[in-house]
Amino acid sequence: DGSKLHEIKKYTEENINDKTSSEMKGIAKGKNIIYISAESVQNLVINRKVNGEEVTPFLNDLIKDSYYFNNFYHQVNLGRTSDSEFLVENSLYPLPNGSVFFTHGQNEFNAVPEIIKDHGYYSSVFHANNKSFWNRDVAYESLGYDQFYSERYFNVTEDNTIGWGLNDKAFFDQSMKYLESMPEPFYTKFITLTNHHPYELDEKYASIDKFDSNSKTLNQYFPTVRYTDEAIERFFKNLKESGLYKDSIIIIYGDHFGISENHNKAMGQYLNKEITPYDSVQLQRVPLIIHIPGHEDDRVIEKVSGQIDLKPTVLNMLGIENEEDIMFGNDLFANQSKRFVAFRDGDYVTEDYVYTKDTCYDRETGEKLEKSACEPIKDKVLKELNYSDQLIYEDLFRFQDTASSGKGKGKEE
Ligand code: GP9
């Protein structure tokens with residue numbers, strides 16, 4: 001009820017939502033925000049080679065002209081891509097046992113698309129899969145999206161299909177006509193698909209050779225990641241040609257891991273080391289690239305961060321304050337360091353520690369430490385996950401008095 005909501009709000013005020021002003025406050029005011037959710041792209045491919053070839057030459061170049069967060073973790077659970085979407089739009093944790101989009105897709109939320117509606121933004125999602133996959137058509141309505149360009153907005157043929165559906169290059173190309181006629185400013189998200197497990201790519205589409213190990217999955221992963229890298233490059237070109245580029249801020253992030261622990265032996269061969277539980281946590285890093293056309297002060301930001309931090313970061317960039325909101329993330333451009341990045345199973349990372357499988361590691365060196373070093377934070381992580389769960393299970397945002405109210409249209413016509 002309302003009192004529980006109040007308790008959780010007090011917790012986030014006292015522990016998380018830092019009021020120190022962000023260096024980027026308002027920089028995105030009036031600009032378009034374009035998210036690219038890059039399917040299964042892990043940070044390990046960034047600035048790395050396979051058979052002497054760069055895996056992501058475009059992203060590697062883009063990073064030099066962007067803010068690049070190299071200790072940014074995905075935080076998804078069983079809901080995979082849908083969990084990452086939920087994290088990014090709400091700054092809440094996914095649930096322990098299933099996709100929130102399915103189990104609580106009709107809850108009241110205070111998601112970014114709904115908040116920015118009051119500030120004149122038009123919001124949409126592009127994803128060339130069936131609209132009901134992950135229950136998106138239902139959940140997007142609760143999140144307040146104005147429009148969902150699902151599979152049926154695209155011309156999908158045998159020739160332009162790879163793996164799960166429309167290839168990423170055709171996807172970005174075919175999206176341009178919708179993007180060019182969209183009311184501005186807009187807030188939109190492109191969810192790529194080609195780099196999806198099991199990473200099957202016909203040789204005629206592959207620009208680099210496979211890796212050679214006992215894992216077919218890892219071997220094939222690199223050429224499909226490269227395919228997505230090329231598709232994103234093409235999208236940038238399209239944006240420039242359309243004139244939309246200069247009025248937009250482009251945020252690219254990996255949605256979740258691509259290579260599971262089942263492939264540790266092959267991964268160890270690729271990275272030339274034995275994969276420990278510490279490494280398995282570090283392999284949950286995904287790239288986060290914030291590209292602001294015309295902006296100079298670009299750099300690598302090493303602070304520990306996670307998908308839960310994107311909502312406060314973007315709202316601050318848009319100059320939108322929402323005192324009543326409840327978020328479990330921090331603005332990534334604010335001065336303070338994040339207390340911890342929590343994973344759904346209670347594992348976590350801080351600037352100092354990596355805690356996993358009941359073991360405490362030094363984050364910098366990977367050395368095992370006394371367990372007691374990690375204990376105090378462990379309790380806080382569990383408390384926070386529990387608060388987030390209560391908000392969802394009990395649909396507590398119903399009791400919240402936010403600036404915006406009512407559901408979004410999220411229509412699919
Ligand atoms: C499906 C796409 C991939 O629409 O988002 O989902 P995943 O299997 O990665 O969660």
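By convention here, the first residue in the shown sequence is residue 1. Numbering of ligands and ligand atoms starts at 1, following listing order.
Annotation: side chain of Y227 is in contact with side chain of N167 (closest heavy-atom distance under 4.5 Å). Between V381 and L385, some side-chain heavy-atom pair lies under the 4.5 Å cut-off.
Heavy-atom minimum distance, F397 versus L92: CE1-CD1, 3.8 Å.
Per-residue contacts place F133 under 4.0 angstrom from the following atoms of ligand 1 (heavy atoms of the residue considered): 1 (C), 4 (O). The ligand atoms of ligand 1 that sit less than 4.0 angstrom from a heavy atom of H127 are 1 (C), 2 (C), 4 (O), 5 (O). Every atom of ligand 1 with a heavy atom of H196 under 4.0 Å away is listed here by number and element: 3 (C), 6 (O), 7 (P), 8 (O), 9 (O). Per-residue contacts place E39 under 4.0 angstrom from the following atoms of ligand 1 (heavy atoms of the residue considered): 3 (C), 9 (O). Close contacts of ligand 1 with N129, meaning ligand atoms under 4.0 Å from a residue heavy atom, involve 1 (C), 4 (O). If you number the atoms of ligand 1 from 1 as listed, the ones under 4.0 Å from a heavy atom of W134 come out as 6 (O), 7 (P), 10 (O).
Of the N and O atoms on the side chains of S213 and N219, at least one donor lies less than 3.5 Å from an acceptor on the other residue. T194 and D168 form a side-chain donor-acceptor contact under 3.5 Å, judged by distance and modelled atom types alone.
Note: no N/O pair closer than 3.5 Å links S82 and ligand 1 by distance alone. Between W164 and ligand 1, a contact under 3.5 Å exists for no N or O pair.
Heavy-atom proximity to atom 5 (O) of ligand 1, evaluated over R80, R136, E85, is greatest for R136.
The aromatic rings of Y178 and F126 sit tilted, their planes meeting at an angle between 30° and 60°.
The residue H197 has no part lying near ligand 1, judged by heavy-atom distances below 4.0 Å.
The ring of F86 has its center no closer than 6.0 angstrom to the ring center of W134.
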